[in-house]
Amino acid sequence: MRNKNYILTPGPVPVPFEVLSKAAEPIMHHRTPQFSEIFKEVSEDLKYVFQTKNEVYIFASSGTGAMESAVVNVMQPGEKAIVVRGGKFGERWGEICQAYNINFVPIDFEWGYPVEVEQIEKALKENPDAKAVFTTLCETSTGVTYDIKSIGEFMKDKPQLLIVDAISALAVEEFYQDAWNVDIVVAGSQKGIMLPPGLAFISVSEKAWKVIENNKKTGFYFNLKAMKKNLAKATTPFTPAISLIMQLKVALNIIKNDGLENMFKRHKLMAHATREAAKALGLKLFAKKNSSNVCTSIEMPENIEAKKLTKKLRDEYGVTIAAGQGQIENKIIRIAHFGFIDKFDLIVGISAVEIGLNQLGYKVELGKGLAVAEKILFEL
Ligand SMILES: *Cc1c(COP(=O)(O)O)cnc(C)c1O
């Protein structure tokens, strides 16, 4: 018999059945009052997830499309940006800047650590001509969450815009766009929002709009001025991903019913259980500070290749967890605990890691991590 598949990766995540099945409904035309009503409703409900009064725009693209939109609409060729690079997704901000001839100053530090407010303060002092700071809420490649609240507090009265990639952490980690003074937030559908891949979201503050409206070059497909004009008429400039928008309505209802604060709490508990289980197995956590609630990054013992373990678990047992990315690709595994991953999925994931490690020659006592996780997850 084939294996049942368990996905415990930091995107895409499993999707609730009522969300999945919505995609089987007949296609509705998008230039209709029926579609506009749904579009208006999801655009409003997204504000709750972002914790903002700003409009939230929806692109048919993966999350990176919203990142590109932020760069293209805010920055003009030759202008200067500050880019926080503590992992693969921070590096991506730099890559997008490079693609558009934007002069960027990187803030580099060791992977596994968060950026410190002092580092941003120093970069802004040295580069007063910078127009924006591009950073990340959860740097998914290292499993570290940055202290955006403190960064936003520091940047509150600065002329620069604060732009945050919250693709993995929205609806997972505590985050309040307006209260934390974040100007632009980007997110994606296949992570905490529990949809299939294919939608990107971007929310833009008034301060950011002042910058964007003064810019001559603001792109074509990812053009925010065009999105704003169309959203005012409850539509999009180009064909939206109609089925995904219908699914989004169902997913947002689940999130509203659950309540953001409850979601934050649940993810925190699952992350705590995963970290303690890893420690009980004698493994080291890769995140040295601010370990995320999106995924737990765990260092592999010497002689165990991360990719060998993830391949074994996926191919032999149907359990998919992630290895690392970039410079730590083969050194860590990442177990995700967000989206529609629940407590018992996590039990499966921890059990699979115990079994796989034993089979690859790292002898751990079976059930040792599980016992710790069960106690925490179910308050035993
Ligand atoms: C997943 C992820 C992305 C990339 O999103 P895509 O949907 O693959 O384009 C960017 N940033 C972070 C922090 C992510 O977790």
Side-chain angles (χ1 to χ4, degrees), residues 7-15 49-50 57-72 83-97 99 107 111-115 133-148 151 162-175 177 182 184-203 221-222 241 244 247-248 251 267 271 286-287 290-297 320-326 328-329 332-341:
I7 292 199
L8 290 106
T9 52
V13 296
V15 174
V49 184
F50 281 71
Y57 305 96
I58 308 173
F59 289 113
S61 78
S62 84
T64 305
M67 294 174 77
E68 182 157 345
S69 179
V71 171
V72 164
V83 169
V84 174
R85 292 199 302 194
K88 175 109 167 99
F89 294 108
E91 286 180 352
R92 186 165 300 176
W93 279 129
E95 286 162 3
I96 300 170
C97 285
I107 299 178
W111 288 25
Y113 289 86
V115 68
V133 173
F134 290 86
T135 186
T136 318
L137 178 55
C138 167
E139 177 49 80
T140 322
S141 65
T142 60
V144 175
T145 293
Y146 297 168
D147 182 1
I148 300 299
I151 296 170
L162 174 58
I163 300 177
V164 174
D165 164 3
I167 293 177
S168 60
L170 197 75
V172 181
E173 299 275 9
E174 274 190 48
F175 180 75
Q177 175 171 11
V182 182
I184 296 187
V185 178
V186 303
S189 58
Q190 79 278 23
K191 309 232 175 166
I193 297 180
M194 299 180 287
L195 282 184
L199 293 181
F201 312 104
I202 181 165
S203 161
Y221 184 76
F222 291 113
L244 280 166
Q247 292 176 283
L248 176 60
H267 295 124
F286 181 72
N290 299 13
S291 189
S292 86
N293 297 324
V294 168
C295 63
T296 297
S297 48
T320 306
I321 60 171
Q325 289 174 289
I328 49 169
E329 188 178 19
I332 66 165
I333 56 168
R334 291 173 298 153
I335 301 176
H337 25 65
F338 72 142
F340 194 50
I341 294 166

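Order of appearance sets the numbers: ligands from 1, and atoms from 1 within every ligand. Only a predicted model underlies this, so the values are computations on that prediction, with no experimental measurement involved.
Taking every heavy atom of Gln190 and a limit of under 4.0 angstrom, the matching atoms of ligand 1 come to 6 (P), 7 (O), 8 (O). The Thr140 neighbourhood of ligand 1 comprises atoms 12 (C), 13 (C), 14 (C), 15 (O), with distances under 4.0 Å to a heavy atom of that residue.
Under 4.0 angstrom from ligand 1, the non-hydrogen atoms of Asp165 all belong to its side chain. Residue contacts with ligand 1, taken as heavy atom pairs separated by less than 4.0 Å, do not involve Glu139 at all. With a heavy-atom cut-off of 4.0 Å, Ala200 does not touch ligand 1 at all.
In terms of protein heavy atoms, atom 14 (C) of ligand 1 is closest to Lys191 NZ, 3.1 Å. The shortest contact between atom 4 (C) of ligand 1 and any protein heavy atom is with Arg92 NH1, 3.4 Å. Here the protein heavy atom with the shortest distance to atom 3 (C) of ligand 1 is Phe89 CE2, 3.3 Å.
Below 3.5 Å of separation, one finds an N or O of Gly63 facing an N or O of ligand 1.
Classification of the Trp93-Phe134 ring pair by plane angle, with boundaries at 30° and 60°, yields tilted. By the 30° and 60° cut-offs, the orientation of the rings of Phe222 relative to Phe59 is perpendicular.
Ligand 1 lies within reach of Cys138, whose nearest heavy atom is under 4.0 Å from it.
For atom 5 (O) of ligand 1, the candidate residues are Val186, Leu137, Thr64; the nearest heavy-atom contact is made by Thr64. The heavy atom nearest to atom 6 (P) of ligand 1, out of those in Ser62, Pro10, Pro12, Ser168, is found in Ser62.
Of the possible donor and acceptor atoms, none in the side chain of Thr136 sits under 3.5 Å from a partner among the backbone N and O of Asp165. Without hydrogens or angle criteria, Ser189 side chain to Gly198 main chain gives a donor-acceptor distance under 3.5 Å. Of the possible polar contacts, one joining the Asn290 side chain to the Thr145 backbone as a donor-acceptor pair under 3.5 Å is found. Between the Glu139 side chain and the Phe89 main chain, a donor and an acceptor come within less than 3.5 Å of each other.
Taken to the nearest 0.5 Å, the OG1 atom of Thr9 stands 13.0 Å off from the CD1 atom of Ile333. Remark: Leu8 CG to Thr296 OG1 distance equals 11.0 Å, nearest 0.5 Å.
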